[in-house]
Enquirer: 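One structure is given below, represented as structure tokens, and several questions about it will come after.
These figures come from a predicted structure and were not determined experimentally. Naming convention: chains lettered A, B, ... in sequence-line order (proteins, then strands); numbering from 1 in each chain.
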There are 2 protein chains.
Amino acid sequence: MPAEAKADSKNTRQASHSPAHAPQPASPPLTERQEARRRRILHASAQLASRGGFDAVQMREVAESSQVALGTLYRYFPSKVHLLVATMQDQLEHMHGTLRKKPPAGDTAAERVAETLMRAFRALQREPHLADAMVRALTFADRSVSPEVDQVSRQTTVIILDAMGLDDPTPAQLSAVRVIEHTWHSALITWLSGRASIAQVKIDIETVCRLIDLTTPDDGR
Amino acid sequence: MPAEAKADSKNTRQASHSPAHAPQPASPPLTERQEARRRRILHASAQLASRGGFDAVQMREVAESSQVALGTLYRYFPSKVHLLVATMQDQLEHMHGTLRKKPPAGDTAAERVAETLMRAFRALQREPHLADAMVRALTFADRSVSPEVDQVSRQTTVIILDAMGLDDPTPAQLSAVRVIEHTWHSALITWLSGRASIAQVKIDIETVCRLIDLTTPDDGR
DNA sequence: CGCTAATCTAGAACAAGTTTCAGACTTGAT
DNA sequence: ATCAAGTCTGAAACTTGTTCTAGATTAGCG
């Protein structure tokens, strides 16, 4: 009946992802060739993004670069934003892996979180255009991309909780983490649009991380 | 020599705004007819935005609604994002005026800021589509819109400082305000994209406002 | 192996933001 | 009142995201 599986046949939206390591609603498994196409697409996306940011990721070019027809590209990723958010998921996994290897060394949870975020920030600084593409896509995403954006958010939460060294956080701590994420995203945007310096971002991150001290009186402060 | 002033002649970007009450680099003054055009445009923009959000603000429709040629629209506002950010500036002024009339009544600075932001949030909830258009434009804006976005940011800062009741804030307090603004913007986005409930936004705002207590030990805590 | 359903491709077509242009209109200065 | 410079208009053109279509290909089943 089917062939080459079905990355997304009936459902109009919702691309498919399930790199085996991300706990997702399990979209139908992909053929090898499909998996390869998907990788080529994400690779092309990241490459173009690295060159010129959000605007440089043009769907026709992505299709050409990844040797895939435009229609196919849209079958895998229903919109440019979906594509870039998926690209971000990809990069985030890298990042998380990297961070796991060298855990932050601060004494307090606040210090460790701040250090982790600054490390991530420095990574983004190495590819500012890529960062631009991913972050802009993330914040521009509308409801149709919510599941994917949410996944990115969850992944970010995990990274922060990892840095804090918590197994089961209290509600108050989760609130603090949420606010930290808000600040992280928004600060990135101000940096990317040239309205804040790197130093300013650093200060903002350190400032918001102090919130952690308020919720874990045993550790910090 | 010139005629009808020059909203933006030589300089390729940068629309003109100077509603007399906003302290700006003073772009060349506008004729009455030009001022009227500008108002018509902003009004049409807000109206369309109120209907269907960011996507519903289509430049051709704005031009038609405001009885202006498309080229003229682009002379006044070099891009859709510029237009929507200007629309936001407009709305923010309203808001600030409204807030001045009924200052928040909380005991601590943190409470007053949270109350102020929640009041603004409720106003946005009354026109969720308009909020969508303005906030999406704000976060999607690239460097070419930095001055205008910055102006919005400054205006927001003033509103928050007003609520805190401070004349000359310390650097630490300014950092807290920056983080509050970050959280405010990002929380709005998560709400607009349906990833967070109204209740969740409230919690986030209250959480981040506790940062104020950290910087003004005399008042709160 | 042969079938059938689903996928992929190439390319046209459509939509909305942005640019461009020629000509009509305003404005402020002489 | 006249003129030069700048502005506005209407319409076409261009760009890039997105959709659609017809036909070639592929996958898995009997």
Enquirer: Hey, can you pull the residues of residues 132-140 of chain B with a non-hydrogen atom under 4.0 angstrom from DNA chain D?
Expert: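 By residue number: none to list.
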Enquirer: Quick one: label Glu61(B) by what it contacts on the DNA or RNA (base, sugar-phosphate, nothing), any heavy atom closer than 4.0 Å.
Expert: nothing
Enquirer: Nearest whole Å is fine: how far is dT18(D) C1' from Leu83(A) CG?
Expert: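 Atom-to-atom, Leu83(A) to dT18(D), this comes out as 14 Å.
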Enquirer: For residues Arg195(A) and Gln200(A), determine if any side-chain heavy atom of one lies less than 4.5 Å from a side-chain heavy atom of the other.
Expert: no
Enquirer: Would you say the side-chain atoms of Glu181(B) and Ser153(B) include a donor-acceptor pair closer than 3.5 Å?
Expert: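 Glu181(B) vs Ser153(B): donor-acceptor pair found between side chains.
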Enquirer: Quick check against the 3.5 Å criterion: does Arg143(A) have a side-chain atom that pairs as donor or acceptor with the backbone of Leu192(B)?
Expert: yes
Enquirer: To the nearest Å, give me how far apart CD1 (Ile41(B)) and C1' (dT9(D)) are.
Expert: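 To the nearest whole Å, that distance equals 13 Å.
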Enquirer: Under 4.0 Å, counting only non-hydrogen atoms across every strand here, what does Gln67(B) touch: a base, just sugar-phosphate, or nothing?
Expert: sugar-phosphate
Enquirer: Between Glu206(B) and Arg210(B), is there a salt bridge with N-O shorter than 4.0 Å?
Expert: no
Enquirer: Just how far, in rounded Å, is P of dG11(C) from CD of Glu64(A)?
Expert: 11 Å
Enquirer: Only one of Asp150(B), Thr156(B), Thr157(B) passes side-chain hydrogen bond (donor to acceptor under 3.5 Å, both in side chains) with Arg154(B); say which it is.
Expert: Asp150(B)
Enquirer: Do Phe54(A) and His129(A) have side-chain heavy atoms sitting under 4.5 Å apart?
Expert: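 Not touching, per the 4.5 Å side-chain cut-off.
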Enquirer: Without decimals, in angstroms, what is the distance between Leu73(B) CG and dC8(D) P?
Expert: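 Nearest whole value for this atom pair: 12 Å.
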Enquirer: Between Arg60(B) and Glu64(B), does any NZ, NE, NH1 or NH2 come within less than 4.0 Å of an OD or OE carboxylate oxygen?
Expert: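 Not counted as a salt bridge, because no side-chain N and carboxylate O are separated by less than 4.0 Å.
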Enquirer: For His82(A) and dT19(D), what is the distance between atoms NE2 and P respectively, to the nearest whole Å?
Expert: 11 Å
Enquirer: So which nucleotide from dT26(C), dC8(C), dA27(D) ends up closest to the side chain of Thr72(A)?
Expert: dC8(C)
Enquirer: Under the 6.0 Å and 45° cation-pi test, does Arg37(B) pair with Tyr76(B)?
Expert: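 Checked: cation-pi criterion not met.
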Enquirer: Report the distance from atom CZ of Arg33(B) to atom P of dT9(D), rounded to the nearest whole Å.
Expert: 8 Å
Enquirer: Taking 4.0 Å as the cut-off, does a side-chain nitrogen or oxygen of Gln34(A) come that near to OP1 or OP2 on dA27(D)?
Expert: no
Enquirer: Within a strict 4.5 Å, meaning less than it, do heavy atoms of the His96(A) and Asp162(A) side chains meet?
Expert: yes
Enquirer: Return a single string for nucleotides 12-19 of chain C, one symbol per nucleotide in 5' to 3' order, where B is base contact, S is sugar-phosphate-only contact and - is none, cutoff 4.0 angstrom on heavy atoms.
Expert: -B--BBBB
